[in-house]
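Since the structure comes first, as structure tokens, the remarks are kept for the end.
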Amino acid sequence: ELALRRFIQLTSGHRWDKAETDLEHYCLFDEKDLERTVEEALACGENNIIAMDCEWHGDHPQNEGAYLRTIQFSWAHKKAAAIILRDAGGKPRFKHYKRIIKDGKVCRTMEMTTEGAEKTVIRLMNKLLAKNRACGHFFTADLEWLIPFGLDIRERFEAPDTWQEAKEKGGLDTALMAHAVDETGDFTLTGQALRYTQAPRYDVPVSVWKEQYCRENKIKVSQLEGYGECPDEVLYPYACYDADVTRRIAIEHMKNLDKDKFGNNCWEAFWISQRAVLAVLEIKLVGIPVDFNRIDELTSLYMAEKDALYEKIRDWSNWYEKDKDGKMTNAINLNSPNQIRELLFGEKFNGKRTPDGSILRLRPPAAKTLNIVPLLTTEKRPRRWADLTPEEQMENTASTDKMVLGMMFHSAEKLECMENGKRVQKNYKDIISWIRDYRYISQILKSVLRPPKVDEKNELITDEDDNWEYEGGLAGA
């Protein structure tokens with residue numbers, strides 16, 4: 001469908017592969033620029049819709065070193081402006097006229113300063129939004145930064161009392177509009193822009209910068225904390241376009257919500273989601289109470305249990321060797337899919353081969369394996385191992401995921417295994433339960449109860465309150 005839409009645009013003379021030439025995008029660096037733009041938006045705005053977006057640095061506004069860098073808005077087709085609050089690196093940039101008290105009145109001087117400039121931004125943006133509808137894409141993420149900044153526009157973004165009013169009143173989250181129209185679509189801003197607008201891929205320079213910056217600083221793109229270091233010439237055009245295309249998408253979906261491709265009116269579906277937005281925002285702003293002592297206790301218990309399970313599996317399988325000093329070496333690695341497969345199914349199905357295609361044994365000479373007959377493949381649509389020919393079995397990988405381990409546990413007292421070339425039934429309930437529980441606890445410690453930080457001596461790192469420090473998970477979120 002997307003390709004067909006793009007083809008139609010090309011045959012109509014719209015070159016989405018080239019830069020647009022009729023844009024009115026502005027960067028606003030001071031009160032004079034913002035005041036003039038707000039007046040223009042109030043006089044020439046279309047549909048009473050103000051699309052907004054923000055760029056920031058940091059995971060959350062309350063984090064140390066976090067700051068809001070730009071606030072951008074669009075008031076008409078292809079018209080947008082970015083309020084430049086801070087330069088790359090966080091230095092304040094936006095200036096306003098300095099005020100003084102003269103004859104008991106507040107008077108504006110001709111001198112400009114960055115000090116207290118956020119109050120002017122808040123005042124003028126509230127003026128712009130006083131009688132307009134706030135619009136954004138996954139806008140709760142932006143509101144999380146706008147509200148601490150002092151621009152609380154929740155009233156302009158909340159849903160109206162009834163769905164019949166939603167077309168003319170209330171806030172508009174374009175991601176929720178898109179979901180109401182096509183619940184299986186691509187809800188990213190890029191995906192929506194490519195499908196419903198003629199905007200080019202304006203995000204490419206930012207993507208290139210992110211990859212280059214992360215490569216130079218030896219971090220993953222997922223670890224990038226924001227756009228604090230993004231160069232002005234890269235960030236500002238991107239920021240303006242974000243607000244611009246958000247508004248274009250909203251205008252398109254206003255029509256789509258009247259009648260989707262099946263002829264259905266989708267305004268009620270959108271309104272139901274929009275009505276819940278402020279509750280979701282409150283969750284983001286408030287978070288949940290965390291008992292750090294309980295988290296530390298649970299983390300210790302889970303780590304101890306994981307270590308105990310590892311020792312049981314290692315000792316049961318005898319998967320280790322000892323050097324001349326009696327020190328244990330070559331112990332089983334339960335994070336290795338190939339070693340897990342060999343433990344469960346034997347070397348024939350461990351997924352490792354020598355360069356000439358021969359089977360490669362991974363375990364030490366004295367180590368044992370369960371030699372269970374595999375159950376499923378690892379394909380996107382798993383097939384039953386029993387349905388494969390011997391040739392197909394050698395070409396496919398046996399699954400060891402949580403579903404397979406659960407299936408094995410439920411039939412663990414009579415598992416089909418190979419012994420001397422024959423199929424026999426064996427009771428492996430203990431070892432299967434250990435492997436299953438080890439995998440489950442590992443996942444808990446990876447996503448929810450991440451282990452605390454340790455130093456180079458493997459000692460726990462504590463903060464000024466003598467609490468353990470966490471990089472992520474429930475305690476480190």
Side-chain angles (χ1 to χ4, degrees), residues 1-18 20 22-23 45-53 74-80 132-142 156-204 207 241-280 380-381:
E1 182 183 350
L2 175 59
L4 186 59
R5 281 176 177 268
R6 286 305 199 188
F7 176 73
I8 293 171
Q9 289 174 355
L10 284 173
T11 56
S12 302
H14 299 297
R15 293 296 301 272
W16 46 264
D17 57 325
K18 290 189 175 182
E20 296 177 299
D22 53 346
L23 297 174
E46 301 169 357
N47 306 94
N48 293 329
I49 295 174
I50 302 296
M52 295 181 64
D53 187 63
S74 175
W75 61 95
H77 187 60
K78 295 189 176 182
K79 293 185 178 183
N132 285 306
R133 308 172 71 178
C135 170
H137 195 80
F138 289 118
F139 199 46
T140 55
D142 302 282
R156 307 309 304 162
F157 192 60
E158 65 180 348
D161 293 335
T162 65
W163 73 265
Q164 290 86 351
E165 300 174 275
K167 186 174 181 178
E168 304 295 336
K169 295 170 60 177
L172 298 168
D173 192 306
T174 47
L176 300 182
M177 297 172 85
H179 182 268
V181 171
D182 180 5
E183 63 271 20
T184 61
D186 180 353
F187 305 126
T188 64
L189 188 59
T190 298
Q192 290 290 301
L194 288 173
R195 183 172 182 180
Y196 294 108
T197 78
Q198 296 165 13
R201 283 299 302 269
Y202 65 90
D203 59 317
V204 171
S207 298
Y241 247 124
D242 267 0
D244 182 356
V245 299
T246 297
R247 194 183 177 284
R248 297 192 212 182
I249 293 165
I251 298 303
E252 285 297 311
H253 282 321
M254 296 284 281
K255 295 177 286 187
N256 295 334
L257 289 171
D258 284 337
K259 185 179 181 181
D260 68 5
K261 60 185 177 182
F262 300 108
N264 298 318
N265 184 306
C266 302
W267 279 104
E268 184 175 9
F270 160 70
W271 173 76
I272 290 172
S273 298
Q274 184 71 28
R275 192 173 53 167
V277 161
L278 294 186
V280 174
K380 192 172 183 179
R381 293 185 178 181

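The first residue of the sequence shown is numbered 1, and numbering continues consecutively from there.
- No side-chain heavy atom of V245 sits less than 4.5 Å from a side-chain heavy atom of Q192.
- Between the side chains of D142 and T140, no donor-acceptor pair of N or O atoms lies under 3.5 Å.
- Once rounded to the nearest 0.5 Å, the distance linking CG of N47 with CG of N132 reads 10.0 Å.
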(message) For T246 and C135: C-alpha separation, side-chain torsions, deciding distance, then whether side chain to side chain contact (heavy atoms under 4.5 Å, CB included) applies.
(response) CA-CA 8 Å; T246 297; C135 170; 4.0 Å; yes
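- In terms of modelled atom types and a separation under 3.5 Å, the side chain of R133 and the main chain of G170 share a donor-acceptor contact.
- Summarising the geometry, atom CD belonging to E158 is positioned 12.5 Å from atom CZ belonging to R275; distances are rounded to the nearest 0.5 Å.
- Scanning both residues, F270 and M177, for their nearest heavy atoms gives CE1-CG, 3.5 Å.
- Under the 4.5 Å side-chain criterion, counting only non-hydrogen atoms from C-beta, E168 is not in contact with N48.
- When every heavy atom of A243 is checked against every heavy atom of S74, the shortest pair comes out as O-CB, 3.5 Å.
- A donor-acceptor pair under 3.5 Å is formed between the side chain of W271 and the backbone N or O of P160.
- The shortest non-hydrogen separation linking A166 to L172 is O-CD2, 4.5 Å.
- Side-chain contact between D182 and R195 is present, with heavy atoms from C-beta onward closer than 4.5 Å.
- In this structure, T174 OG1 and M254 CE are separated by 12.5 Å, a value rounded to the nearest 0.5 Å.
- Closest of all the heavy-atom pairs between D260 and C266 is OD2-SG, 3.6 Å.
- Using a 4.5 Å cut-off on side-chain heavy atoms (C-beta onward), K167 and L257 make no contact.
- Nearest heavy atom pair, residue F187 against residue A175, reads CD2-O, 4.3 Å.
- In this structure, the side chains of W267 and E165 stay at 4.5 Å or more apart for every pair of heavy atoms.
- A salt bridge between D161 and K169 is absent, with no side-chain N of the basic residue lying under 4.0 Å from a carboxylate O of the acidic one.
- Under 3.5 Å, the side chains of Y202 and D242 contain a donor-acceptor pair of N or O atoms.
- Going from atom NE2 of H137 over to atom CG of L189 covers 5.0 Å, rounded to the nearest 0.5 Å.
- Within the 4.5 Å cutoff, no side-chain heavy atoms of E252 are placed close to those of I249.
- Taken from NE2 in H179 to CG in D173, the straight-line distance is 12.0 Å, to the nearest 0.5 Å.
- In this structure, the side chains of E46 and R247 come closer than 4.5 Å at one or more pairs of heavy atoms.
- Below 30°, between 30° and 60°, or above 60°: for H253 and Y196 the angle between ring planes is above 60°, a perpendicular geometry.
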(message) Working note: L23 + Y241, criterion side chain to side chain contact (heavy atoms under 4.5 Å, CB included); need CA distance, chi angles, decisive distance, verdict.
(response) CA-CA 9 Å; L23 297 174; Y241 247 124; 3.3 Å; yes
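- Of the inter-residue distances, the one linking D258 atom CG with N265 atom CG reads 6.5 Å to the nearest 0.5 angstrom.
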